[in-house]
Amino acid sequence: MKQIQAIRGTQDILPGEVERWYRVEAAAREVFGRYGVGEIRTPIFEDSQVFVKGTGETTDVVQKEMYRFTDLGDNDITLRPEGTPPVVRAYLQHKLGQGRSIDRYFYCGPMFRYERPQKGRYRQFHQIGVEVLGAESARVDAEVIAMAMQWLAELEVASPTLKLNTVGDEETRIAYREILVAAQAERLDELCGDCRARHVSNPLRVFDCKKPGCQAVIETLPVIQESLSAAADRHFNGVREALADWDIQAEIDPRLVRGLDYYRQTVFEITSSALGAQDSLLGGGRYDGLVAQMGGEDVPGVGFASGTERILLAMPEAPAEAATDVFVIAFDEGSVDTTHRFVHELRQAGLRALTYAYGGRNKRAQSKAARRSGAPWQLVVGPDEMAADRYTLRRLADNHEEVVSAGELPAVAARLVRHKASS
RNA sequence: GUGGCUGUAGUUCAAUUGGCAGAGCGCCUGCCUGUGGCGCAGGAUGUUGCGGGUUCAAGUCCCGUCAGCCACCCCA
């Protein structure tokens, strides 16, 4: 029979690896908390319209990457490919905007896109993202970026580079689109098929194309910065000034364009040179208009999404944290019952205790298991100890020993372990 | 969705022109040593990713398929 395996592009996160995930998530909660951002959890699947309307009908994500199906009740369902539209949907559904002018949320969880898997790109992948709704100030854009940078710094991510651009407000985009379409039309025959299609559907996306022929044309196309409305120009300068004021280096990239339709004004991306082709750790921007697009008031928004797998790839290998405090070894068969009783008592006392004295494992096997566990403390139970009621807790790192009776063991061990944890 | 590279024990990797599937580490047992990253002796583990084909003979050659990786694409 064929071995059943995980679906292509999905993976198991195993013990020993999951601890690094905890670290990323814990740092997110902690750093985001400093900015007043609280967690929101939305369903993993939604009505497909959430993404068709939110992410945008013309995007590749919606057109060819969604896990979209009809359920048994004949509903059009999609496994979420990104986090922003569901947050906006929840924001509207629960009328979260009432009472507060600025709402800040982060989410954390799996996303699904049907793409060809590669390192740093999976069909089920994980994102941690932030959405700030109800603020139009450029300072909030800068705060969101500062928060992302702070988080990556705490995670010791390798060489993060912030790239920043503006795609203009509505007024800018209407004016710029005309100029851009005209410029592209002049050299349409030099563009690839995809770009000729984008020229009609979404001319801004032509900037994403990496084909040499298109690159040659792109070099000559007018950039949006030259068409910025006064308001958009002021906003972008506001973001840049705030970042400069907080000593955050930003590389202005006039051709940075995001692939989702809802971005307006500020867009940014943080890449890492440690990653190869899929080098984007995190991307985001402002999405004024999305809330209205999804049926709400005209509420502005700004946020980002990060790829957890990619952050993990760019993070240093953490030294393994011991998952056990005390490992108890039975010297012989006659010591096994006492060994297990001690383990039980240590656990009752709040310690992480482990033994390997099962089914006649010899001392050698137990000793190896103790080493594998990484437990800083070891206790051997043998006939001599039991006869004298004197047991030795031994710290492997420096051979420090504490001799205790059976009755004192849990309390003494708890004190020793706590002392170590706090030092 | 396109093109390419790679799949051998738990793991890292060998296996000459097609010729008996192996090693290190890890794992298990015994001996030894009262607290062993020791020593000695022994042991287990594979439909060589899967399915076909060529051949006296396939880990090796051919076809298909699945998976991973690289580039494109896309994006976080």
Side-chain angles (χ1 to χ4, degrees), chain A residues 1-11 14 55 59-66 81-84 107-130 148 152 192-195 198 205 208-212 214 256-260 263 267-272 275-285 303-314 327-332 335 356 359-374 377-385 391-396 399 401 403:
Chain A
M1 194 181 99
K2 211 165 135 188
Q3 178 65 247
I4 298 175
Q5 52 185 355
I7 297 292
R8 178 154 147 103
T10 71
Q11 48 183 1
L14 304 174
T55 309
T59 59
D60 284 339
V61 168
V62 169
Q63 282 185 355
K64 36 188 208 196
E65 295 175 359
M66 293 209 300
E82 60 140 340
T84 303
Y107 58 83
C108 172
M111 305 290 163
F112 305 85
R113 290 183 202 175
Y114 190 86
E115 294 187 276
R116 183 114 168 225
Q118 214 172 304
K119 189 190 286 287
R121 188 171 74 182
Y122 307 96
R123 290 184 174 179
Q124 175 176 334
F125 61 106
H126 296 77
Q127 288 193 330
I128 295 178
V130 169
L152 296 180
C192 70
D194 278 349
C195 286
R198 289 178 186 132
R205 295 285 311 288
D208 276 342
C209 192
K210 283 160 187 113
K211 295 203 176 71
C214 297
L256 175 65
V257 183
R258 305 232 48 82
L260 306 180
Y263 285 114
V267 293
F268 62 93
E269 183 172 63
I270 300 175
T271 59
S272 169
L275 249 52
Q278 311 300 324
D279 66 348
S280 179
L281 294 172
L282 177 154
F304 67 80
S306 70
T308 308
E309 286 85 353
R310 292 185 187 174
I311 287 176
L312 254 8
L313 285 170
F327 202 99
V328 189
I329 292 173
F331 188 76
D332 59 13
S335 318
Y356 198 46
R361 307 274 189 191
N362 64 19
K363 288 203 303 292
R364 182 200 194 83
Q366 291 187 55
S367 180
K368 286 195 168 195
R371 179 157 43 85
R372 252 201 321 272
S373 79
W377 292 89
Q378 204 172 85
L379 176 69
V380 174
V381 178
D384 294 354
E385 287 85 349
Y391 299 88
T392 306
L393 267 163
R394 178 187 169 86
R395 183 163 59 205
L396 268 57
N399 284 339
E401 295 183 345
V403 180

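What you are looking at is a predicted structure, and each value in this text was computed from that prediction instead of being measured. Within every chain, numbering begins at 1; the chains are lettered A, B, ... in the order of the sequence lines, protein sequences first and strands thereafter.
Contacts of A:Gly9 with the nucleic acid, taken as non-hydrogen atoms under 4.0 Å apart, involve only primed sugar atoms and P, OP1 or OP2. Heavy atoms of A:Gln278 sit under 4.0 angstrom from at least one base atom. At the heavy-atom level, A:Arg371 lies under 4.0 Å from base atoms of the strands shown.
Residues passing the ring pair (Phe, Tyr, Trp, His ring centres under 6.0 Å) test with A:Tyr391 are A:Phe342, sequence neighbours excluded.
The phosphate of B:C27 (OP1 or OP2) has a side-chain N or O of A:Lys368 nearer than 4.0 angstrom. In terms of phosphate contacts, A:Gln118 brings a side-chain nitrogen or oxygen within less than 4.0 Å of OP1 or OP2 of B:A71. The phosphate of B:G34 (OP1 or OP2) has no side-chain N or O of A:Tyr391 nearer than 4.0 angstrom. Phosphate proximity of B:C75 to A:Arg310: absent, as no side-chain N or O sits under 4.0 Å from OP1 or OP2.
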Polar atom pairs (N or O), protein with nucleotides 1-10 of chain B, under 3.5 Å:
residue : atom : partner  : partner atom : Å
B:U2    : O4   : A:Arg116 : NH1          : 2.8
B:G3    : O6   : A:Arg116 : NH2          : 3.0

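Not a single donor-acceptor contact under 3.5 angstrom links the side-chain atoms of A:Arg364 to the base of B:G37.
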Intermediate values then yes/no, side-chain hydrogen bond (donor to acceptor under 3.5 Å, both in side chains), A:Thr392 and A:Glu401: CA-CA 6 Å; A:Thr392 306; A:Glu401 295 183 345; 5.1 Å; no
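Using C1' as the reference atom, B:G68 and B:U8 are 16 Å apart when rounded to the nearest Å.
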Under the 3.5 Å Watson-Crick or G-U criterion, the dot-bracket string of RNA chain B, with | for inter-strand pairs: (((((((..((((.....[..)))).(((((.......))))).....(((((..]....))))))))))))....
